[in-house]
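Below: one structure, written as structure tokens.
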There are 2 protein chains.
Amino acid sequence: MEKVETSLFDGVTDEEYARMTECFKTTLKTHRKGEEVAMPPGRVGVVHRGRISLMKTDESGVRTIFEQLGEGGVFGSMLGIAGGDTGFFLIAEEDCDVLYVDYDHIMKRCPNACTYHSTIVRNLVRLMAEKTQALSEHLEVLSHRTTREKLLAYFRLLAAKTHSQYFTLPFSQTNLADYLCVDRSAMLRELAGMHRDGLVEVDRRNVKLNLHKSQG
Amino acid sequence: MEKVETSLFDGVTDEEYARMTECFKTTLKTHRKGEEVAMPPGRVGVVHRGRISLMKTDESGVRTIFEQLGEGGVFGSMLGIAGGDTGFFLIAEEDCDVLYVDYDHIMKRCPNACTYHSTIVRNLVRLMAEKTQALSEHLEVLSHRTTREKLLAYFRLLAAKTHSQYFTLPFSQTNLADYLCVDRSAMLRELAGMHRDGLVEVDRRNVKLNLHKSQG
DNA sequence: CTTTGTTTGTTGTATTTGCAACACAGGCAT
DNA sequence: ATGCCTGTGTTGCAAATACAACAAACAAAG
């Protein structure tokens, strides 16, 4: 199999990668847009191409988007996202490829003390750190009490990441409401109010944030 | 220095640990209850004894508790919790000892390919996974729209962890409100309502959750 | 014991929110 | 074109919430 360019394998030579796939039982799976992505117990998934949403639907049908996994995004029950009975699931936002690796194969001491093995583990720490960052950012957004503050916090985050007051939302407005954990109509009402106050201009997924007015 | 019993050093022999401290520049610091715990850039902190709260105060003085770090809890800017200008800080909830280790020393390839080195990195993956879990749980709680649902979600979590409908809150009610990101008085009002409905009984930090009524 | 500061508990009110219901535009396949 | 589905917008209203202000219980320190 050809070497997969994922940050999990940064610093691993092609030759090492070839030997690794034998020992690691890696699997590469393709998922169509809209399909549910499997979360096999005991395995670590790495997004190789596309985008995946980690979400949950509660008893009363309320949907929440917890995390968007871009390329390099990792998931798996062993990595802290409870899999199975907790109602979490993954949906492919676009066509995507996912690489699955056995968690134990990564974490157990390698009998032949291969150097690339520890490289993988170090890369995993880095990917986990990125995940932590994403979750912290989400928490920071949700920590605000009003819809307006949540919107501004999230918009400021996107503006900072793109170094611009113009940016594009990574999902639809409907999904944005699910990410902010607010009612969609309430969010739209608030967006209208923010537009009246000259804070933002929103057209579909395109946002212009007036930084000076929103005290950035 | 005597070996510190932290999960970061699980599987490391005393002898290895001795050699390690030389190469790793580990530092053990003690903090008094209520003190701010330093978050030095480029270092990883591990809670060895006590409890630490990771929190934030925004412009308007609203405090939010993001995470409670118990023994084994890790933090550091390299691990995804933005340090510095983002307003995050750590407060010792009790007297505590914190072990600091250079991130680079953990993550860089060891010149003398020591086996214990990779053990540390693997342990770090595990600790990061626990962090991810804690953050996900917090997100799950905050994802609920009403104060009552947030309280129930959090209480069910604690009940599940202690395998009992009786449990003790890890912080004061005031701090609980900051963790749930709701107004304290609104929370108390809701708690009174839940008590009227026979869902819970709360006395100081002691909670009894009536699982059957709260549809668990 | 007294003081000081924190935690717990209560209430009124203006504002915000969730909910439900509806209308309309755009994409997409038939 | 036609129907179907999803995303976008809007509004009324009952309910929940933030905010502010206050009182009492409790803990820690002098």
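In the text below, chain A, chain B and the rest are named by the order of the sequence lines, each starting its count at 1. Worth saying up front: this structure is predicted, and the values here are computed from it rather than measured.
For A/Asp178 (side chain) and A/Ile65 (main-chain N/O), no donor-acceptor pair under 3.5 Å exists by modelled atom type.
Atom-to-atom, CG of A/Leu169 to C1' of D/dT8 comes out at 13 Å; the value is rounded to the nearest Å. With rounding to whole Å, A/His195 atom NE2 is found 16 Å from D/dT8 atom P. Distance A/Leu142 CG to C/dT17 P: 14 Å, rounded to the nearest Å. Atom CG of B/Asp203 and atom P of C/dT8 are 10 Å apart (whole Å). In this structure, A/Arg205 atom CZ and D/dT6 atom P are separated by 15 Å, rounded to whole Å. In this structure, the CG atom of A/Leu191 is 15 Å from the P atom of C/dT16, given to the nearest Å. What separates CZ of B/Arg196 from P of C/dG9 is a distance of 14 Å, to the nearest Å.
We find that A/Arg43 and A/Asp102 are joined by a salt bridge, their nearest charged nitrogen and carboxylate oxygen being less than 4.0 Å apart. The pair B/Asp104-B/Lys25 does not count as a salt bridge, with every side-chain nitrogen at least 4.0 angstrom from each carboxylate oxygen.
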Per-nucleotide protein contact string for nucleotides 13-30 of chain D, where B marks a base within reach and S marks sugar-phosphate only (heavy atoms under 4.0 Å, - for neither): B---SBBB-----S----
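Counted by atom type alone, A/Ser172 and A/Arg204 present zero donor-acceptor pairs between their side chains at under 3.5 Å.
Here the OG1-CG distance, from A/Thr119 to A/Asp10, works out to 10.0 Å after rounding to the nearest 0.5 Å.
Side-chain nitrogen and oxygen atoms of A/Gln173 include at least one within less than 4.0 Å of the OP1 or OP2 phosphate oxygen of D/dG9.
In summary, the aromatic rings of A/Tyr179 and A/Phe66 are positioned with their centroids too far apart to meet the 6.0 Å limit.
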